[in-house]
Amino acid sequence: MTIDDAQVIVVGAGPVGLVTAIGLAKRNIRVLVLEKNSAEVPPQWRGSTIHPPTLAILDDLGLAQQIIDGAIKVAVLQYRDLEMDQVVNFKYDSLNNLVKFPFRLQFEQYKLLKLLRDAAAAHPNIELHYDSMVETVSQDDEGVSIEIQKNGVSDSFRSSWLVASDGSHSRVRKSLGIKLEGFTYPFPTTVVATRFPFENHIPNLGPVCYWSGPTGRLSMIRTPDTWRIAMTTPLEGVDILSDDRGSITEPSADFKNAISLLLSWIPGATLADLQLEQYEVYRSHQRVALEFSRGRVALAGDAAHLTTTNGGMGLNSGVQDAAQLVEAIYSGISSAKDDPLLGYASMRKEFCQDFLQPATYSSHSMVDNSDYNNRKLRLAKLYADSSNRESELQVIARASMITELVK
């Protein structure tokens, strides 16, 4: 295809934009993808969770087996407390015979992005352009026009439809004057990486473990590359960049205190033994766009909604946006259906308001409660739920974003 033949322009070559582009291309729709950054995909350990519905979408694109082969497969969702002995496991086999992939995967987002970019580059219906910054977007009844800057040179393109998957600071969304409503959590989250083999020292430690404690939550996620440890921390004076992320060279005192409690489970281990690396701090939000579509332009992923990173729901909800958006645009092109994006916009905004935000807000509130008695009661309630097959299914289904199984 040539660049002027595109029926759909996708802005943003992250996982959401590429799932959209590949899904459309497989339906014989010509797609132009514009990405503001370079083609380089640096190794970053932030974002690694793939839930069962998302894996099913990636399976439709022919990528599931490659991901499974390279991922950590999670059979239990584990809850613990840094000051208590009780271990609570919710087993993913409660999903057996209900979904195609009854497990969770941990697979670094940068690896997923590489697979998607390779698949997009190889597809004849996709043209992919990097270093292309959106300047303006306009539309009329017949199509959408976009102006970009690439290597200091202005250019413009036109297509029937446009997808904005260009992140939380979406230039497309801002160009259209669509606002995000919601709030920002008062404390940032600190994330560090370590290659220390916790699984060899803490008995029965699961690859996904959410600890509560006197300093709040401390989550441990085992990825193929590393262990990621995250904690909400009241950092002062941290220079967080415009993309809501920043780097630090030393964890806060609260973070070190939480790590010391974790190390108490490993006699003789010290903070130095962990060899912590890739310190990062970022803000978390709960925000939803007032409109998920306007005319021939649709928003998807972080361009449309922001949520906390608890449970990996940000990436997964964005990929699920993409899958439904593919169906909506395909319907509009194949049957000349009027306003096909309205159904998508209504459905995904309702999902965010009725499921995504309440689930992540509730999780955030519970795990950040540091009171000992509240933590003890919460752990006891979780244990009771894990011992009841129907309750266990509900917890796993909600954590996996399988909304059709959630009552």
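Numbers here simply count residues along the sequence, with the first being 1. All figures in this text were calculated on a predicted structure; none of them were measured in a lab.
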(request) Only counting residues at least two apart or in another chain, list the ones meeting side chain to side chain contact (heavy atoms under 4.5 Å, CB included) with A289. (result) I178, L180, F292, L299
(message) Just verifying a value: how many Å separate M313 CE and Q320 CD, rounded to the nearest 0.5 Å?
(response) 9.5 Å
(message) Enumerate the ring-ring contact (aromatic ring centres under 6.0 Å, His included) contacts for residues 252-274, please, sequence neighbours excluded, ordered by first and then second residue.
(response) W211-W265
(message) I'd like to know whether F196 forms a ring pair (Phe, Tyr, Trp, His ring centres under 6.0 Å) with H201, so could you lay out the CA-CA distance, the side-chain angles of the two residues, the decisive distance to 0.1 Å, and finally the verdict.
(response) CA-CA 10 Å; F196 185 83; H201 298 276; 5.0 Å; yes
(message) Given 3.5 Å as the limit, does a donor-acceptor pair link the side chain of Q149 with the main chain of M133, or not?
(response) no
(message) With salt bridge (charged side-chain N to carboxylate O under 4.0 Å, His left out) as the criterion, how do D166 and R171 come out once you've worked through the C-alpha distance, each side chain's angles and the decisive distance to 0.1 Å?
(response) CA-CA 7 Å; D166 51 340; R171 293 176 72 91; over 6 Å; no
(message) Whether the side chain of R296 engages the backbone of S160 through a donor-acceptor N/O pair (distance < 3.5 Å, no angle test) should be reported.
(response) yes
(message) Looking at T184 and H285, would you say the former's side chain and the latter's main chain have a donor-acceptor pair under 3.5 Å?
(response) no
(request) Look only at the side chain of K26 and the backbone of A21, and say whether a donor-acceptor pair between them is shorter than 3.5 Å. (result) no
(request) Say whether, by atom type as modelled, one donor and one acceptor occur between the side chain of S145 and the main chain of Q139 under 3.5 angstrom. (result) no
(request) Take Y210 and R217 through the side chain to side chain contact (heavy atoms under 4.5 Å, CB included) test and state the conclusion after the steps. (result) CA-CA 7 Å; Y210 297 114; R217 72 176 172 93; over 6 Å; no
(request) Of all the heavy-atom pairs spanning P224 and A71, show the shortest one and how long it is. (result) CG-CA, 4.0 Å
(message) Is there a side-chain contact between Q109 and S48 in this structure, where contact means two heavy atoms from C-beta onward sitting under 4.5 Å apart?
(response) no
(request) Verify side chain to side chain contact (heavy atoms under 4.5 Å, CB included) between H129 and V33, making sure each step is shown before the conclusion. (result) CA-CA 6 Å; H129 286 251; V33 181; over 6 Å; no
(message) Assess, by modelled atom type and distance only, whether the side chains of E40 and Y130 contain a donor and an acceptor separated by less than 3.5 Å.
(response) no
(request) Evaluate the criterion side chain to side chain contact (heavy atoms under 4.5 Å, CB included) for residue pair D225 and Y110; output intermediate values, then yes/no. (result) CA-CA 11 Å; D225 286 354; Y110 79 90; 2.7 Å; yes
(message) Quick one, Y279 and V191 - any side-chain contact, counting heavy atoms below 4.5 Å?
(response) no
(message) Between the side chains of R27 and E327, is the shortest nitrogen-to-carboxylate-oxygen separation below 4.0 Å, so that they form an ion pair?
(response) yes
(message) Check whether E35 reaches the backbone of N37 with its side chain - one donor and one acceptor, N or O, closer than 3.5 Å.
(response) yes
(message) Just so I know, are the side chains of Q86 and Y383 near enough to count as touching, which here means a heavy-atom distance under 4.5 Å?
(response) yes
(message) Could you measure the distance from the CG atom of L98 to the CD1 atom of I396? Nearest 0.5 Å is fine.
(response) 12.0 Å
(request) Determine whether the side chains of T54 and N316 contain a donor N or O and an acceptor N or O closer than 3.5 Å. (result) yes
(request) State whether the number of non-hydrogen atoms from other residues, nucleotides or ligands found under 6.0 Å of K150 atom NZ is greater than 12. (result) yes
(request) State which residues pass side chain to side chain donor-acceptor pair (under 3.5 Å) with Q353; sequence neighbours excluded, sorted by chain then number. (result) none
(message) For a 4.5 angstrom cut-off between non-hydrogen side-chain atoms, does L341 reach I329?
(response) yes
(request) Check whether any side-chain heavy atom of T20 sits under 4.5 Å from a side-chain heavy atom of L18, and report yes or no. (result) no
(request) Take Q106 and T49 through the side chain to side chain donor-acceptor pair (under 3.5 Å) test and state the conclusion after the steps. (result) CA-CA 5 Å; Q106 300 304 143; T49 299; 3.1 Å; yes
(message) Please check this pair: side chain of T223 against backbone of E108, looking for a donor-acceptor N/O pair closer than 3.5 Å.
(response) no
(request) Decide yes or no on side chain to side chain contact (heavy atoms under 4.5 Å, CB included) for I68 and F103, but give the supporting numbers first. (result) CA-CA 10 Å; I68 292 170; F103 47 82; 4.2 Å; yes
(request) In plain terms, say whether R195 and E277 are close enough for a salt bridge, that is, a side-chain N and a carboxylate O under 4.0 Å apart. (result) yes
(request) Might you point out which heavy atoms bring E392 and S94 nearest each other, and give the distance in Å? (result) OE1-CB, 4.1 Å
(message) I need the minimum non-hydrogen distance between H305 and G318, along with the two atoms involved.
(response) CE1-N, 4.3 Å
(request) Locate the shortest heavy-atom distance separating D273 from G268; write the atom from each residue and the value. (result) OD2-O, 3.9 Å
(message) Can you confirm whether the side chains of S260 and N257 place a donor and an acceptor under 3.5 Å from each other?
(response) no
(request) Could you tell me which non-hydrogen atom of L271 sits nearest to which non-hydrogen atom of L263, and how far apart they are? (result) N-CD1, 3.5 Å
(request) Starting at CD1 of I148, measure out to OG of S154 and round the result to the nearest 0.5 Å. (result) 8.5 Å
(message) For D131, is there an ion pair with K36 - N to carboxylate O distance below 4.0 angstrom?
(response) no
(message) Using side-chain heavy atoms (C-beta onward) and a distance below 4.5 Å, is I72 in contact with F107?
(response) no
(message) Could you check whether H51 and F101 have their ring centres less than 6.0 Å apart?
(response) no
(request) Flag the pair V144 / W161 as yes when at least one side-chain heavy-atom distance between them is below 4.5 Å, and no otherwise. (result) no
(request) Starting at OG of S370, measure out to CG of D254 and round the result to the nearest 0.5 Å. (result) 10.0 Å
(request) Take D69 and Q65, measure what side chain to side chain donor-acceptor pair (under 3.5 Å) needs, and give me the verdict at the end. (result) CA-CA 6 Å; D69 290 344; Q65 196 57 53; 2.9 Å; yes
(request) Rounded to the nearest 0.5 Å, what's the gap from CG on L218 to CE on M231? Could you check? (result) 7.0 Å
(request) Indicate yes or no for a side-chain donor-acceptor contact from D339 to the backbone of L342 under 3.5 Å, with no hydrogens or angles considered. (result) no
(message) In terms of relative ring orientation, are F198 and W227 parallel, tilted or perpendicular, with 30° and 60° separating the classes?
(response) perpendicular
(message) I'd like to know if the side chain of R80 reaches the main chain of V88, judged simply by a donor and an acceptor atom lying under 3.5 Å from each other, with no hydrogens or angles considered.
(response) no
(message) Holding to ring pair (Phe, Tyr, Trp, His ring centres under 6.0 Å), I want the full list of residues that pass it with F90, two or more places apart in sequence or in another chain.
(response) Y79
(message) Taking R287 first and then D302, would you say they form a salt bridge - that is, a charged N and a carboxylate O separated by under 4.0 Å?
(response) no
(message) What's the separation between atom OG in S386 and atom CG in N89, rounded to the nearest 0.5 Å?
(response) 7.5 Å
(message) So, using side chain to side chain contact (heavy atoms under 4.5 Å, CB included) as the criterion, who are the partners of M84 when residues are at least two apart?
(response) D81, Y372, R375, K376, L379
(request) Report yes or no: does D321 contribute a side-chain atom to a donor-acceptor pair with the main-chain N or O of R348 at less than 3.5 Å? (result) no
(message) Checking K381 now: which residues fulfil salt bridge (charged side-chain N to carboxylate O under 4.0 Å, His left out) with it, not counting sequence neighbours?
(response) D385
(request) Compute whether any side-chain donor of one residue and acceptor of the other, for S159 and Q7, lie under 3.5 angstrom apart. (result) no
(message) For a quick test of reading the model, state the closest non-hydrogen atom pair linking G17 to S165 and the distance between them.
(response) CA-OG, 3.1 Å
